[in-house]
Amino acid sequence: MTSNKEVIMSDAKPLGGRIITPTFVICLIIVGIAGFYAVKRLIFGIGSISNMNDGFPWGIWIAYDVVVGTAFACGGYVMALLVYILNRGEFHPLVRPALLASMFGYTLAGVSVFLDIGRYLNVYNLYLPWQMNYHSVMFEVAMCIGTYIFVLWLEFTPAFVEKYKLTKFGERLNKVIFILIAMGVLLPTMHQSSLGTMMLMAGFKLSPLWHTQALPLLFLLTAVFMGFAIVVFEASISSRVYKLGDETPMLSKIARIMVWVIGFYLIIRFQNVFMRGEMALAFSGTFLGNMFLLENLMLLTGLIILAYPNNRTSPRLLFIAAVCILIGGSLFRFNTYIIGFDPGTGWKYFPSIGEQMITYGLIAFEIAAYTLFVKIFPVFSSHEHTASNS
Amino acid sequence: MKMKRREFIKGAVGSLALASASGAGIANARTVQALPPGAVGILYDSTLCVGCNACMAACKKANDKNPEPVNNPGTWDNPQDLSASTLNVIKKASVGTGEVKDSPSDGYAFIKRQCLHCIDPSCVTACPVSALTKDEETGIVEYNKNACIGCRYCQVACPYNIPKFEWDDMYPEIVKCQLCSHLIEKGGISACCSVCPTGASLFGPVESLIEESRRRLQMKPGKAYEYPVGSIDSGETHSFAAPHYIRHVYGLEELGGTQVMYMSAMPYKEFGLPAFPKESFVSMASGIQYAIYKGMVYPLVVLAGLVVMVKKNKKSEEAEGHDQQQGGDHE
Ligand code: SF4
Ligand code: SF4
């Protein structure tokens with residue numbers, strides 16, 4: 001049992017169990033294939049495995065792995081916000097699993113960036129004061145994400161401390177954990193909104209359905225509700241897979257918060273498009289117009305499901321709503337970075353097999369690492385552990 | 001796509017969501033760049049261009065780039081557009097039957113595409129590691145491969161789609177015209193201008209080039225005038241009958257202005273040159289960024305606030321946790 005002295009201890013437990021499951025093996029195979037393409041990219045250049053070009057300098061490695069991927073990894077951010085800033089301690093059991101997923105999500109976004117940038121050995125220039133460009137949104141995003149990856153690992157460190165009984169280190173960590181948690185709230189707030197600011201610079205190349213001064217705010221809001229949605233999504237799956245007991249009461253409370261955030265988002269989104277006089281484009285029946293509608297329809301569907309208190313008590317409907325919201329939010333981000341982007345010189349882009357494989361590999365790695373960690377480190381707090389867990 | 005100040009402030013404040021007290025400082029968030037004192041550039045007059053491509057060959061030689069026999073292997077160099085080995089390209093635009101040179105109907109005309117060396121360059125603002133810089137004296141936008149991390153934000157940001165990337169290189173660079181700064185340093189001029197036989201590509205101080213463009217706009221169409229060749233102060237000239245210029249010098253005001261400017265008798269949109277507002281996209285994006293972060297002061301203040309809150313909440317939560325433990329089994 002946890003001792004009173006070590007206050008950072010949680011009542012989380014490693015799940016144990018077989019590590020080499022079929023899922024795990026499949027994931028490793030995909031990671032292996034991605035590894036092949038990664039090596040090819042390092043030797044023969046980005047062009048050798050990707051369809052990116054001078055018109056579409058950013059492909060899915062940025063648009064999916066970083067821009068959508070880090071939104072999926074905002075679970076740790078929003079749970080920390082909820083528990084430690086808004087003082088909603090009742091959600092504490094959800095913090096650590098969310099943190100773990102965020103940690104891998106962000107780390108792999110970092111790996112993807114490393115493969116994506118051409119001159120990776122020059123990265124140290126970001127840390128040379130005389131090279132830093134404070135006007136560059138890219139600079140801010142790079143620094144924030146880089147630091148946040150580090151912070152996430154430290155935030156998760158209590159799990160290592162508990163596992164390996166590093167009491168001394170644990171006590172020391174406990175003295176600074178406040179700062180880490182605070183940074184874990186501040187940094188995502190900064191770079192998630194900046195991911196929106198980033199595309200302001202694309203100017204006329206980005207369709208007016210997405211190019212707006214409100215992009216930073218919209219990106220911050222999507223990060224928040226996608227963070228909540230991913231917590232619901234992951235908790236639904238893991239409570240089923242690992243038989244953790246019923247978490248629905250907690251999830252339905254989160255769902256209620258999502259209703260407000262998404263409602264707020266949609267009002268701003270439509271008001272903004274309307275005020276700029278682009279509503280006609282949205283309903284013009286063009287591909288871009290339809291993408292805009294689809295993106296918001298998915299969010300609206302999620303919102304409507306969750307708006308009814310009764311639906312929020314159904315694990316199945318919670319899950320479906322979370323999926324709709326994740327798709328809607330991802331589409332918004334994808335549209336902003338690729339689909340609504342047109343440099344206007346006849347350039348086209350569709351991700352190549354190699355490019356896709358790297359992305360699948362990163363996702364597979366994430367799943368494999370997650371399942372591994374929950375088995376060997378204390379991540380989940382089981383609600384019935386007194387009764388069932390071995 | 002015009003940005004009104006009010007809208008701008010709204011966006012900035014909205015996105016802030018952190019420190020709403022910042023409203024006051026936003027208006028002067030960022031001053032728009034002015035033309036550097038010794039700014040040099042090129043005035044390209046489409047009506048003088050005969051499409052000989054001498055500038056393209058000279059450019060490749062001066063910048064050590066390979067020819068691209070891509071579209072017709074039987075010929076030496078025929079790039080379709082700017083690329084990682086083509087920093088300067090002469091393209092042809094035609095309308096209707098495309099028979100008469102410089103005629104807006106059924107005519108054709110040439111355009112020289114290259115980096116325009118913007119006065120407020122998006123690429124420079126975009127680059128996280130200052131690999132792209134604007135020379136304070138000459139205003140030339142230069143690239144430093146030793147700093148560049150290859151993120152390609154400059155490509156996304158450049159409104160003219162100028163920077164190109166060596167996609168097929170193991171350790172690629174960004175490639176774009178640097179106005180032959182290496183030659184200018186030694187007292188020379190851009191290679192393309194020094195070989196241009198007609199003065200279509202004219203090198204010189206931007207101020208003088210603007211004056212020259214004004215002179216040309218006042219010429220009587222059909223009457224022969226002397227046009228400077230090479231550099232505006234070279235003393236060499238070429239006699240040519242003035243065309244019917246479009247009454248607009250492209251680059252004079254576009255997105256804050258550029259140091260490479262165009263004159264033409266064919267509407268600029270035929271060349272695929274977009275009609276831009278006077279204000280650059282840069283001022284908007286980096287203005288917001290600047291207003292929010294103000295040299296990292298706001299984030300630090302917010303961080304301090306967050307630390308206090310976390311500390312308080314974590315304490316109270318732990319106290320609760322202990323109570324529960326004392327009470328026997330916690331759930
Ligand atoms: S034309 Fe493009 S590359 Fe050249 S200075 Fe302007 S923004 Fe930079
Ligand atoms: S690719 Fe290089 S030059 Fe372009 S923005 Fe990135 S670091 Fe700067």
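Predicted model, so just to flag it, every value in this text is computed and none were measured. Below, chains carry the letters A, B, ... as their sequence lines are ordered, and counting in each starts from 1.
Annotation: maximal heavy-atom pairing with chain A below 4.5 Å, among B:L303, B:V308, B:D169, occurs at B:L303. Chain B forms more heavy-atom pairs under 4.5 Å with one residue of A:D116, A:V123, A:L128, A:V113 than with any other, namely A:D116. Counting heavy-atom pairs closer than 4.5 Å to chain B, the top-ranked of the candidates A:I117, A:L86, A:I181 is A:I117. Heavy-atom pairs under 4.5 Å with chain B were tallied for A:L42, A:I43, A:I179, A:L121; the largest tally goes to A:L121.
Of the possible donor and acceptor atoms, none in the side chain of B:D168 sits under 3.5 Å from a partner among the backbone N and O of A:F44. Looking at A:D54, its side chain never comes within 3.5 Å of a backbone N or O of B:L82 through a donor-acceptor pair. Judged by distance alone, with hydrogens and angles left aside, the side-chain atoms of B:Q155 form no donor-acceptor pair with the main-chain N or O of A:P57 at under 3.5 Å. Remark: the backbone N or O of B:C158 is paired with a side-chain donor or acceptor of A:K205 at under 3.5 angstrom. Judged by distance alone, with hydrogens and angles left aside, the side-chain atoms of B:R152 form no donor-acceptor pair with the main-chain N or O of A:W58 at under 3.5 Å.
To the nearest 0.5 Å, atoms CD1 (A:I85) and CE (B:M309) are separated by 5.0 Å. Atom CG of residue B:L255 and atom CZ of residue A:F204 lie 8.5 Å apart, to the nearest 0.5 angstrom. Rounding to the nearest 0.5 angstrom, the gap separating the CH2 atom in B:W167 from the OG atom in A:S50 is 6.0 Å. A distance of 4.0 Å separates CG of A:N122 from OH of B:Y171, quoted to the nearest 0.5 Å. How far CZ of A:F139 is from SG of B:C151: 12.5 Å, rounded to the nearest 0.5 Å. How far SG of B:C127 is from NE2 of A:H135: 13.5 Å, rounded to the nearest 0.5 Å.
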Item to check | Stepwise side chain to side chain contact (heavy atoms under 4.5 Å, CB included) check, A:N53 with B:F165 | outcome: CA-CA 8 Å; A:N53 52 55; B:F165 192 63; over 6 Å; no
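Side chains of B:N161 and A:W347 form no contact here, defined as non-hydrogen atoms less than 4.5 Å apart. Looking at B:I149 and A:Y120, their side chains never come closer than 4.5 Å, going by heavy atoms from C-beta outward. Side-chain contact check for A:M201 versus B:Y153: some heavy-atom pair is nearer than 4.5 Å. Between B:L306 and A:Y84 there is no side-chain heavy-atom pair separated by less than 4.5 Å.
Between B:A147 and A:Q131, the shortest heavy-atom distance links the atoms CB-NE2, 3.4 Å. Between B:P128 and A:L126 the shortest heavy-atom distance is CB-CD2, 4.0 Å. Of all heavy-atom pairs between A:M138 and B:A126, the closest is CB-O, 4.0 Å. Closest approach of A:F178 and B:K311 over heavy atoms only: CD2-CA, 3.5 Å.
For A:M132, the part lying under 4.5 angstrom from a heavy atom of chain B is the backbone only. Using a 4.5 Å cut-off between heavy atoms, A:F219 does not touch chain B at all. For a residue to count as touching a neighbouring chain, one of its non-hydrogen atoms must lie under 4.5 Å from one of that chain's; by this rule A:M52 touches chain B with backbone and side chain alike. If you measure heavy-atom distances from A:A202 to chain B, the contacts under 4.5 Å come from both the backbone and the side chain. Of the atoms belonging to B:E173, heavy atoms from both backbone and side chain fall under 4.5 Å from chain A. At a 4.5 Å heavy-atom cutoff, the contact between B:V124 and chain A is made by backbone atoms alone.
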